[in-house]
Amino acid sequence: MTVRVRFAPSPTGTLHLGGARTAIYNWAFARRNHGVFILRIDDTDPERSTPENTAQIIRSLRWLGLDWDEGPEAGGNHGPYFQTQRARNYTAALERMKATGHAYPCFCSADELAAKRDLTRTTGATSGYDRTCRALPADEVARRLSAGEPHVWRLAVPLERGPVGFSDAVRGETEFPIESIDDFVLVRSDGTPTYNFATVVDDADMEITHVIRGDDHLANTPKQILVFEALGRKTPVFAHLSMIWGADGKKLSKRHGATSVEAYRDMGYLPEALLNYLALLGWSLDGETTIVSADVLTSSFSLERISKNPAIFDPEKLEWMNGAYLRGMTASAFVDAMAPWLIEAGLTTGEDIDARRPWFESIVPLIQERVRRLDEVAEKVAFLFADPVLSAEATDKALRADGASAALRAARDVLDEVDFDAASIEEALRTVPEAVGVKPKTAFQAVRVAVTGSTVSPPLFESLEVLGKEATLRRIDAALSQL
RNA sequence: GGCCCGUUCGUCUAGCGGUUUAGGACACCGCCCUCUCAAGGCGGAGAUCACGGGUUCGAAUCCCGUACGGGCUACCA
């Protein structure tokens with residue numbers, strides 16, 4: 001049997017971290033089992049669903065490196081892949097359930113229902129709706145229906161069935177008393193399906209074999225199993241993922257900082273790193289390995305190694321991981337990754353990068369080990385693009401130190417004479433401290449500040465090589481003239 | 001209120017009855033490397049496995065209860 005899984009976001013907002021992790025697990029599970037990964041848009045909430053959100057979700061998924069075999073932009077023979085376009089499937093399913101007595105019309109008003117709810121809650125009863133309309137005589141039902149009286153369609157929970165149990169792939173055996181399951185609404189008075197109905201109809205029609213989704217649906221599962229059964233369809237395997245929390249142990253939300261995938265992209269995170277981090281937030285390869293590539297994930301992912309407890313999102317570990325991925329990139333890939341950030345900062349243009357590609361690749365070793373996010377790059381390499389303005393602090397600290405100006409003058413003289421490669425530059429500058437009688441640090445920091453404008457910079461000798469002799473001497477002269 | 005789920009270092013986790021003085025990673029501390037900052041190497045501190053009962057020769061691992069946290073209980077998803 002071919003594994004068929006789906007990620008079914010409702011386009012009521014951006015793709016957030018929790019949704020992304022669910023998508024990743026579904027995708028990895030499908031790939032690992034040579035199955036089919038389906039993207040379905042659950043847009044049954046007309047109030048909050050928008051095409052913009054759908055587009056944004058798709059963009060985020062693609063950015064993360066996920067691909068789907070069926071769904072928007074991919075096609076497939078189980079479509080359409082938007083719930084709002086599958087109305088006839090829900091109608092057909094409801095007809096089937098009416099015919100078999102698994103669904104019945106309910107004419108209760110919203111006020112009546114609210115009153116009943118309050119009552120059942122105070123009496124400690126377990127089921128929500130009291131099933132008043134389920135007991136209506138057939139002729140009365142027929143009369144009110146033909147009179148056009150507003151009504152919803154409810155599931156007739158088979159009380160005689162006994163407890164609804166299932167073996168969750170993550171949580172194990174789980175069982176719900178049949179009395180605790182409500183005769184919930186399948187189809188609203190306006191004819192549209194509710195989530196618990198539409199999802200089952202679609203999962204059945206799309207022949208979904210494994211439903212991997214958020215923990216918030218665990219209690220919905222017995223309801224959905226009842227619908228699968230009423231429809232005469234095989235129930236899929238369920239796997240419920242626990243939530244992702246913020247540092248305070250509360251559901252991740254804006255209060256904890258960025259929650260959308262695109263926000264992380266915009267903060268300079270690599271998709272590979274976010275994918276890796278999210279994958280490990282609730283799943284482990286072996287308990288030892290922390291760097292897990294997409295390839296490893298899609299060849300090793302298993303439901304058994306998903307953890308049951310909620311995970312707290314740790315931005316610091318994500319940042320560390322992003323740095324690890326950044327360090328692992330080739331110079332060429334790094335240039336591609338940082339290009340938008342350099343352009344955005346106004347340091348260069350796309351044309352310039354294309355024209356001087358080797359030079360741009362030569363600056364990569366200067367910064368690759370020093371950044372954890374792409375948004376840190378521009379500030380670190382800015383000195384390569386424009387002469388720095390020396391801050392008062394840096395000047396006082398490095399240029400006005402004892403012996404600094406003499407060292408700087410000496411450095412200028414030796415640099416003028418040398419071939420401008422890092423090794424030669426180092427050899428030349430290493431003679432300065434002794435010649436002038438200062439500590440190496442004093443001499444090097446003076447040059448660093450004169451050339452980069454800061455007491456903190458990439459390695460000095462390599463930086464000078466990349467900068468070039470002309471700019472280096474010009475900056476040293478400028479600094480000397482200020483002393 | 002009812003039903004259901006969860007609980008191992010600050011955080012993510014390994015562990016699936018004895019191999020455990022509970023392992024790894026992030027963060028933290030120290031040392032080394034060193035032209036600054038990083039990166040890297042080495043070492044350290046950090047978990048009475050929520051608590052209380054059982055079962056067993058033996059429990060973080062199995063069972064029950066309690067506490068705490070969470071989910072569902074909508075004509076939201």
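Hydrogens, waters and symmetry mates play no part in the numbers below; they use all other heavy atoms, side chains included. Since the structure is predicted, the reported quantities are computational estimates derived from the model, not experimental observations. Naming: A, B, ... by sequence-line order, numbering from 1 per chain.
- Summarising the base pairing, A50(B) is matched to U66(B) through a Watson-Crick or G-U wobble pair whose two defining distances lie under 3.5 Å.
- At the heavy-atom level, Glu319(A) lies nowhere under 4.0 Å from the strands shown.
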A correct 5'-to-3' footprint of nucleotides 43-52 of chain B, with B, S and - meaning base, sugar-phosphate only and no protein heavy atom under 4.0 Å, is ----------
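- Across all strands shown, Gly282(A) has heavy atoms under 4.0 Å from sugar-phosphate atoms exclusively, and none from any base.
- Atom CG of Asn309(A) is separated from atom P of C9(B) by 10 Å (rounded to the nearest Å).
- Residue-level contact check: Phe461(A) touches the bases, meaning some heavy atom is under 4.0 Å from a base atom.
- At A77(B), none of the side-chain N or O atoms of Arg40(A) fall inside 4.0 Å of OP1 or OP2 (strictly under the cut-off).
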For nucleotides 61-67 of chain B, 5' to 3', base contacts (B), sugar-phosphate-only contacts (S) and non-contacts (-) with protein non-hydrogen atoms under 4.0 Å give -------
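- OP1 or OP2 of A77(B) lies within a sub-4.0 Å distance of a side-chain N or O belonging to Arg188(A).
- Using a 4.0 Å cut-off, some side-chain N or O of Thr44(A) falls inside it from OP1 or OP2 of A77(B).
- For Lys441(A) and Pro177(A), each mapped to the nucleotide of RNA chain B holding its nearest heavy atom, the one lying further toward the 5' end belongs to Pro177(A).
- Within 4.0 Å (heavy atoms only), Trp283(A) reaches no atom of the nucleic acid at all.
- The residue Asn220(A) sits close to a base: some heavy atom pair falls under 4.0 Å.
- Backbone-only contact: Ser10(A) has heavy atoms under 4.0 Å from sugar-phosphate atoms and none from a base.
- The pairing partner recorded for C3(B) is G71(B), the criterion being a Watson-Crick or G-U wobble arrangement whose two distances lie under 3.5 angstrom.
- His217(A) comes within 4.0 angstrom of a base, heavy atoms only.
- Protein atom CG of Asp168(A) is 10 Å distant from nucleotide atom C1' of C5(B), rounded to whole Å.
- Pro222(A) comes within contact range of no nucleotide atom at all, as no heavy-atom separation falls under 4.0 Å.
- When all heavy atoms of Phe301(A) and Ile306(A) are compared, the pair lying nearest together is CZ-CD1, 3.9 Å.
- Phe197(A) approaches Leu94(A) most closely through the heavy-atom pair CZ-N, 3.8 Å.
- Side-chain contact annotation: Thr50(A) with Asn53(A), donor-acceptor N/O pair under 3.5 Å present.
- Contacts of Pro459(A) with the nucleic acid, taken as non-hydrogen atoms under 4.0 Å apart, include base atoms.
- The phosphate of C75(B) (OP1 or OP2) has no side-chain N or O of Thr194(A) nearer than 4.0 angstrom.
- With a 6.0 Å radius and a threshold of 12 heavy atoms from other residues, nucleotides or ligands, Glu427(A) has its CD atom at or below the threshold.
- For Lys469(A), the NZ atom sits in a packed shell: over 12 heavy atoms of surrounding residues, nucleotides or ligands are nearer than 6.0 Å.
- Residues His240(A) and Leu218(A) approach most closely at ND1-CD1, 3.4 Å, considering heavy atoms.
- Across all strands shown, C37(B) forms no Watson-Crick or G-U wobble pair with both key distances under 3.5 Å.
- For the residue pair Asp130(A) and Thr132(A), a side-chain donor N or O sits within less than 3.5 Å of a side-chain acceptor on the partner.
- Side-chain nitrogen and oxygen atoms of Ser284(A) include at least one within less than 4.0 Å of the OP1 or OP2 phosphate oxygen of A14(B).
- His151(A) has its ring centre no less than 6.0 Å from the ring centre of Tyr104(A).
- One cannot find a donor-acceptor pair under 3.5 Å joining the base of C5(B) and the side-chain atoms of Arg171(A).
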For residues 8-17 of chain A, which side-chain N or O atoms pair as donor and acceptor with protein atoms under 3.5 Å away, sequence neighbours left out?
from	atom 1	to	atom 2	distance (Å)
His16(A)	NE2	Gly19(A)	N	3.3

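- As the counterpart of U55(B), no nucleotide is assigned, since no Watson-Crick or G-U wobble pattern has both distances under 3.5 Å.
- Nucleic acid contact class of Pro310(A) (heavy atoms, under 4.0 Å, all strands): sugar-phosphate only.
- Base pairing analysis places U61(B) opposite nothing; no Watson-Crick or G-U wobble pair with both distances below 3.5 Å involves it.
- A cation-pi arrangement, defined by a distance under 6.0 Å to the six-membered ring centre and an angle within 45 degrees of its axis, is present between Arg144(A) and Phe107(A).
- Put simply, CD1 on Ile306(A) is 16 Å from C1' on A14(B), counting in whole angstrom units.
- For Arg372(A) and A27(B), the shortest distance from a side-chain N or O to OP1 or OP2 is below 4.0 Å.
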With B for base contact, S for sugar-phosphate-only contact and - for none (protein heavy atoms under 4.0 Å), nucleotides 20-25 of chain B reads ---BBB
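- Screening Tyr269(A), Tyr325(A), Phe313(A), Tyr264(A) for a ring-ring contact (aromatic ring centres under 6.0 Å, His included) with Tyr277(A), the sole residue that qualifies is Phe313(A).
- The residue Val152(A) sits close to a base: some heavy atom pair falls under 4.0 Å.
- Between Arg370(A) and Tyr277(A), the residue whose closest nucleotide on RNA chain B is further toward the 5' end is Tyr277(A).
- Listed by residue number, the members of residues 424-432 of chain A with any heavy atom below 4.0 angstrom from RNA chain B are Arg430(A).
- Lys250(A) comes within contact range of the sugar-phosphate backbone alone, with a heavy-atom separation under 4.0 Å but no base atom that close.
- With sequence neighbours excluded, the residues forming a side-chain contact (heavy atoms from CB on, under 4.5 Å) with Asp396(A) are Arg400(A), listed by chain and number.
- In this structure, Leu280(A) reaches the sugar-phosphate backbone alone: every heavy-atom distance under 4.0 Å involves primed, P, OP1 or OP2 atoms, never a base.
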